Amino acid sequence: MNYSDFYQRSVDDPNGFWADEARRIHWQEPFSRVLDYSKPPFTRWFVGGKTNLCYNAVDRWTGSQGDKPALIAISTETGSEKTYTFAELHAEVNRAAAMMQSLAVGKGDRVLIYMPMIAEAVFAMLACARIGAIHSVVFGGFASNSLASRIEDATPKLVVSADAGSRGGKVVAYKPLLDEAIRMAQHKPDHVLLVDRGLAAMERVPGRDVDYAELREKHADAQVPVTWLESNESSYILYTSGTTGKPKGVQRDVGGYAVALAASMDYIFGGKAGETYFCTSDIGWVVGHSYIVYGPLIAGMATVLYEGLPIRPDAGIWWSIVEKYKVSRMFSAPTAVRVLKKQPPEFMKKHDLSSLKTLYLAGEPLDESTSEWISSALDVPVIDNYWQTETGWPILSIARGVDDRPARLGSPGVPMYGYKVKILNEGTGKTCGANEKGVVVIEGPLPPGCMQTVYGDDRRFLDTYWSNFADQQAYSTFDWGIRDADGYYFILGRTDDVINVAGHRLGTREIEESISSHPNVSEVAVVGIEDKLKGQVAVAFAVLKNAQAATTAEERRTLEGEIMAVVDRRLGALGRPARIYFVTLLPKTRSGKLLRRAIQAICEGRDPGDLPTIEDPSALHQIEGALKS
Ligand code: PRX
């Protein structure tokens with residue numbers, strides 16, 4: 001069968017197609033219906049079937065692969081390296097599950113995981129899955145405000161955290177940020193379970209804070225039975241940025257996600273049980289959820305969990321991991337490759353990379369030179385894949401397991417099976433012709449694995465994603481794109497105020513809100529501008545309450561530093577703008593809407609075009625002037 005037929009069947013006969021794919025996982029009880037689309041766009045997959053993500057990722061492999069590696073946890077920050085076999089992973093997950101139960105966590109309860117890239121983070125995720133608790137992993141680089149808004153929304157009974165993370169040898173204490181976040185949030189978790197890595201001193205709150213190692217001792221021999229969940233019950237919530245300052249809780253199911261990942265591991269990622277998978281993302285992002293934790297383990301592969309930089313102790317570190325653990329499939333982001341490209345090539349040449357078959361890159365546009373450089377340096381094919389937190393697995397790529405069409409530079413590929421992708425004209429809602437720019441949308445029903453709803457807010461799910469075009473219900477990706485005459489798609493950036501810094505998705509509103517909390521800032525506009533290394537960086541234009549405080553260059557620099565520190569503390573260093581410029585006026589429409597695209601154009605040296613609705617054109621000159629200052 002060629003890919004076109006394969007794809008066509010997936011969209012013409014989703015019931016038959018996905019019923020076949022569902023055989024890839026263990027069902028404790030069979031489903032009675034493959035797809036329930038009676039309340040579009042809400043989609044229910046494998047209705048009535050009972051399964052469990054932890055069982056499929058761990059227990060299922062303890063027989064045939066019990067003594068084979070499952071989790072390889074490497075930290076070049078602390079110099080530790082430990083391999084857990086499937087049997088050992090099973091034991092640790094059972095302990096963690098028993099620990100959670102002893103803290104009164106049960107099915108449906110939320111557990112917030114704010115952890116560095118250490119094995120206990122994976123144990124905690126799988127333990128939640130085992131007992132039917134809903135995890136919400138918050139990226140360790142986020143700070144107190146981001147954390148507080150997630151605590152508030154997810155109302156977790158338990159938070160699992162650690163004393164600190166470490167980045168480039170610099171310890172980042174987590175506990176004070178967490179304590180501040182809990183103080184800020186109205187909701188209070190009953191307990192905080194803390195891994196003490198001995199990196200930073202911690203103050204403990206008596207009665208609330210519990211030591212991981214101590215509690216683990218008490219449950220050393222625990223055997224916790226799997227809680228079987230109906231396929232459409234929730235597995236996790238993962239917050240992601242949108243247009244407003246309030247992140248959306250992407251809610252995922254159990255059965256659909258397991259099936260989607262199992263199928264993608266075969267068709268797209270070519271993973272084989274017993275081989276090793278190395279995904280360099282972070283468990284705080286969707287790529288980490290799907291392709292560090294659940295995907296590889298569900299496929300019976302060993303997965304590498306790496307804490308550290310790609311260039312420390314030197315630029316050969318990733319390749320030494322590939323050599324040592326015979327990694328067959330690797331998944332990373334273009335930014336990381338661009339970082340490596342600046343390093344001498346010897347680091348790569350030193351290692352035997354013959355085990356590596358393919359490199360997958362995702363998260364941001366992959367430029368030709370980056371793609372060509374890494375592909376020839378490694379002498380393996382590079383496969384771009386385009387998707388979102390919302391979808392959980394690739395929307396566009398080339399499914400090498402079933403498709404032998406050549407890749408086309410600059411294009412992530414073609415729609416993956418199950419996705420009815422279209423490009424619609426933003427104004428008319430009509431389908432665009434070949435090479436005509438429009439919004440990338442997906443027609444319902446979304447395939448298994450995609451978001452069920454916004455946690456606790458069905459209305460927001462409908463309004464945000466499904467109501468952008470009159471007369472038709474289509475899921476908007478908020479990405480611009482084109483489709484060429486041969487069916488390859490190209491992604492041309494976001495249609496909304498989301499920016500992509502080094503493959504990390506951030507909302508400009510969130511950054512603006514944290515900058516506004518500085519006492520001298522009255523108004524601010526943040527835009528993402530092109531950056532050679534990171535794809536995009538944020539820059540801010542702030543109007544001050546007291547402009548006198550920033551008259552000299554030195555005063556401006558000091559204030560800029562102060563504001564950056566506020567962003568670090570509230571949002572996390574990731575959201576810190578590369579520059580903060582001071583102006584007395586921001587370009588707005590007469591109705592007061594910020595003209596972000598015009599600001600962005602000026603920053604990138606483009607013509608902002610005609611702006612008939614602008615209130616005061618001199619605001620644009622101020623932006624130009626500030627950039628020259
Ligand atoms: O704008 C697209 C960009 O990243 C967004 C999704 O980010 P996130 O929710 O963090 O999920 C990342 C999952 C890989 C998209 O809306 N994006 C993602 N992959 C690509 C991409 N842009 C271009 N090419 C890609 N391969």
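Whatever order the structure lists them in is the order used to number ligands and atoms, beginning at 1. These numbers were taken from a predicted model, which means no experiment stands behind them.
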Backbone or side-chain N or O of E390 under 3.5 Å from ligand 1 N or O: no
Residue portion contacting ligand 1 (non-hydrogen atoms closer than 4.0 Å) for V287: side chain
Which residue and heavy atom of the protein sit nearest atom 16 (O) of ligand 1, plus the separation: D479 OD2, 2.5 Å
Numbering as shown, the atoms of ligand 1 that approach T389 to under 4.0 Å (heavy-atom distance): 8 (P), 9 (O), 10 (O), 11 (O)
Shortest protein heavy-atom distance from atom 13 (C) of ligand 1, along with the residue and atom involved: W387 O, 3.6 Å
Heavy-atom nearest neighbour in the protein, as seen from atom 7 (O) of ligand 1, with distance rounded to 0.1 Å: R505 CD, 3.6 Å
Lys/Arg N to Asp/Glu carboxylate O, E530 vs R606, below 4.0 Å: no
Any N/O pair T477/ligand 1 closer than 3.5 Å: no
Polar proximity ligand 1 side, G363 side, N/O cut 3.5 Å exclusive: yes
Over-ring placement of R252 relative to Y257, 6.0 Å and 45° cut-offs: yes
Residue P365 vicinity, atoms of ligand 1 by number, heavy atom under 4.0 Å: 22 (N), 23 (C), 24 (N)
Atom CZ of R167: over 12 foreign heavy atoms under 6.0 Å: no
L366 heavy atom under 4.0 Å from ligand 1: no
Ring-ring centroid check Y291 W387, cutoff 6.0 Å: yes
Whether W285 lies under 4.0 Å from ligand 1, heavy atom: no
Flag if over 12 foreign heavy atoms under 6.0 Å of CG, D379: no
Gap between atom CZ of F461 and atom NZ of K248 - 0.5 Å precision: 11.0 Å
Residues D479 and Y386: side-chain donor-acceptor under 3.5 angstrom: yes
N500: numbered ligand 1 atoms lying under 4.0 Å from its heavy atoms: 3 (C), 4 (O)
Proximity to ligand 1 by part of E364, non-hydrogen separation under 4.0 Å: backbone
Where ligand 1 meets N385 - atom numbers and elements under 4.0 angstrom, heavy-atom basis: 19 (N), 25 (C), 26 (N)
Distance, nearest 0.5 Å, that separates NZ of K341 from CD1 of I374: 10.0 Å
Atom pair OG/NZ of S369 and K532 - distance to nearest 0.5 Å: 10.0 Å
